[in-house]
There are 2 protein chains.
Amino acid sequence: MKKILLVEDDPNLGLLLQDYLQLKGKFDVVLCKDGDEGLRAFTKQNYDLLILDVMMPKKDGFTLGKEIRKINSYVPIIFATAKGMIEDKMQAFNLGGDDYITKPFRIEELLLRINALLKRTENSEKKEEEKQSHFKVGKYEFDYTGQIISIDGTHQKLSTKEAELLRLLCLRKNEVLTREEALLNIWHDDNYFNGRSMDVFLSKIRKYLKDDPNVEIINVHGRGYKLLIN
Amino acid sequence: MKKILLVEDDPNLGLLLQDYLQLKGKFDVVLCKDGDEGLRAFTKQNYDLLILDVMMPKKDGFTLGKEIRKINSYVPIIFATAKGMIEDKMQAFNLGGDDYITKPFRIEELLLRINALLKRTENSEKKEEEKQSHFKVGKYEFDYTGQIISIDGTHQKLSTKEAELLRLLCLRKNEVLTREEALLNIWHDDNYFNGRSMDVFLSKIRKYLKDDPNVEIINVHGRGYKLLIN
DNA sequence: AACGCCATTTAACAATATTTAACAATTTTA
DNA sequence: TAAAATTGTTAAATATTGTTAAATGGCGTT
């Protein structure tokens with residue numbers, strides 16, 4: 001679950017937001033009532049996103065944001081600022097803060113901005129895993145981008161669909177790759193005919209892989225396939 | 001000067017915004033009064049940022065945004081949406097659109113969001129790439145502006161379309177360049193015949209590139225092409 | 001306007017990739 | 001164990017892409 005640090009001095013608004021975001025947004029929300037408390041909380045653990053009220057008595061949200069940025073330069077921040085405080089908004093963006101929201105705001109809008117920001121930062125990290133393009137399959141080398149598998153010195157070109165299917169199998173090697181997942185991923189529709197089409201490609205891939213007895217694609221009846229590599 | 005494309009069906013608001021942004025923001029603002037006009041304007045030249053009204057009679061802003069995203073995946077977009085249209089906002093973010101603003105808005109807020117977005121995208125890599133004119137393609141050197149590829153000492157002139165297509169392939173090297181994207185970018189219309197025309201150019205480009213075995217353009221069936229460079 | 005030159009499009013046919021169909025083999029269900 | 005459902009395999013049908021050549025269109029020159 002995503003962790004959010006909310007720093008808001010108004011306890012009414014703070015608690016309301018905390019509840020709403022926990023219930024509706026399924027976030028783990030820590031609420032702090034001033035900047036110092038917020039900074040301490042931030043140093044204690046990692047958060048996925050921060051929501052900082054700008055107008056706070058002891059330490060304002062921008063100051064807090066600047067302090068936090070010294071510690072962590074990437075965590076996304078949403079500043080909540082009063083309407084018409086244009087200069088403040090300026091500051092927010094100059095700080096490298098990722099978004100702001102004008103008070104009073106609709107709570108759904110906040111939720112949307114949160115999700116948008118999280119999404120933006122998420123797939124800057126996440127994509128790396130899925131981006132793998134080169135796989136070892138027993139004695140085979142499989143280059144997904146180049147759509148080629150090689151064994152010893154010989155190469156075999158793969159068609160696009162063959163390569164995509166083999167890639168998914170590799171990503172789930174020794175685990176079940178669900179028929180549904182494969183179909184939705186590659187064909188974007190898991191109807192009967194696409195399923196039969198996939199069976200044809202599986203048959204072809206098995207042929208390509210027959211030269212290493214330690215590599216095998218087994219069927220998990222009713223569920224999908226496993227690429228076994230010994 | 002930064003170029004902004006503003007698509008807004010209400011002429012009063014549209015002209016007001018145009019004037020304000022030109023005067024105060026020092027932007028070069030092109031105003032279109034509906035989605036079709038907007039799309040045409042977009043294909044004619046490059047813009048640094050788009051402001052799309054969501055509620056428009058003929059073609060709504062989201063639809064337009066989606067169409068534009070097919071041609072250009074990085075240009076920042078601000079959607080202007082009516083207050084409370086939460087679902088629409090959702091769509092905006094799911095689309096990869098970079099920001100939205102709720103109508104009615106204060107014009108200074110729009111200006112702020114514009115500057116923030118421009119700043120964010122200014123030093124993004126992708127934009128730099130789009131300006132790039134000189135590419136290394138294996139042993140080849142490709143000069144897009146000069147429409148020439150060279151290998152060893154020999155030069156080969158390229159036609160305009162050949163150069164444009166090769167440029168797109170270079171920008172997406174080792175990734176898929178969608179047929180649709182290429183067609184919309186170069187031909188501004190992805191009908192069947194333009195597609196066949198493109199196939200002819202691809203064939204020609206492959207011939208030009210045949211002298212380096214580490215360079216290859218492979219087809220991704222039903223989607224597009226990948227320029228592979230080892 | 002008429003000509004040649006070149007870029008681009010269209011047409012025609014070839015080669016591949018994918019889907020569908022047909023039938024066999026296997027696994028589950030009853 | 002028989003029937004039903006799922007999967008395996010091969011071949012035919014369809015769709016997409018590759019290649020070459022001919023037709024078209026733009027543009028400068030005469």
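Side-chain atoms are counted along with the backbone in the values below, which use heavy atoms only and exclude waters and symmetry mates. Each chain gets a letter, A, B and so on, in the order the sequences are listed, and its residues count up from 1.
In this structure S159(B) satisfies the side-chain contact (heavy atoms from CB on, under 4.5 Å) test together with K161(B), E162(B), F201(B), sequence neighbours excluded. Every residue meeting the side-chain hydrogen bond (donor to acceptor under 3.5 Å, both in side chains) condition with D189(A), not counting sequence neighbours, appears here in chain and number order: N191(A).
Of the listed residues (D28(A), N46(A), D48(A)), just one forms a side chain to side chain donor-acceptor pair (under 3.5 Å) with K3(A), and that residue is D28(A).
K226(A) and E216(A) are not joined by a salt bridge, as no carboxylate oxygen comes within less than 4.0 angstrom of a charged side-chain nitrogen.
For the pair R179(B) CZ and dT16(D) P, the computed distance is 10 Å after rounding to whole Å. One can place CZ of F201(B) at 17 Å from P of dT17(D), the figure rounded to the nearest angstrom. Distance D199(B) CG to dG18(D) P: 6 Å, rounded to the nearest Å. Atom CG of D190(A) and atom P of dT6(D) are 13 Å apart (whole Å). Between M198(B) atom CE and dT16(D) atom C1' there is a gap of 12 Å when expressed in whole angstrom units. Rounded to whole Å, the distance from NZ on K157(A) to P on dT17(D) is 16 Å. Rounded to an integer number of Å, the gap from K161(B) NZ to dT10(C) C1' is 14 Å. Here the C1' atom of nucleotide dT7(D) and the CG atom of N194(A) are 16 Å apart, to the nearest Å.
When the side-chain nitrogen and oxygen atoms of W187(A) are compared with OP1 and OP2 of dT18(C), none of them lie within a distance under 4.0 Å. Phosphate contact (OP1/OP2 of dA7(C), side-chain N/O of S159(B), threshold under 4.0 Å): absent.
A donor-acceptor pair under 3.5 Å links the side-chain atoms of N115(B) to the main chain of L111(B), judged by distance alone.
Checking R179(A) against Y225(A) by side-chain atom types alone, a donor-acceptor pair falls below 3.5 Å.
Of the residues in residues 202-230 of chain B, those lying under 4.0 Å from DNA chain C by heavy-atom distance are K204(B), H221(B).
Among dA21(C), dA12(C), dA21(D), the nucleotide with an atom closest to any side-chain atom of R196(B) is dA12(C).
Between F193(A) and L158(A), the residue anchored nearer the 5' end of DNA chain C, judged by the nucleotide with its closest heavy atom, is L158(A).
Note that K173(A) lies outside the cation-pi zone of F142(A), set by a 6.0 Å cut-off to the ring centre and a 45° limit from the axis.
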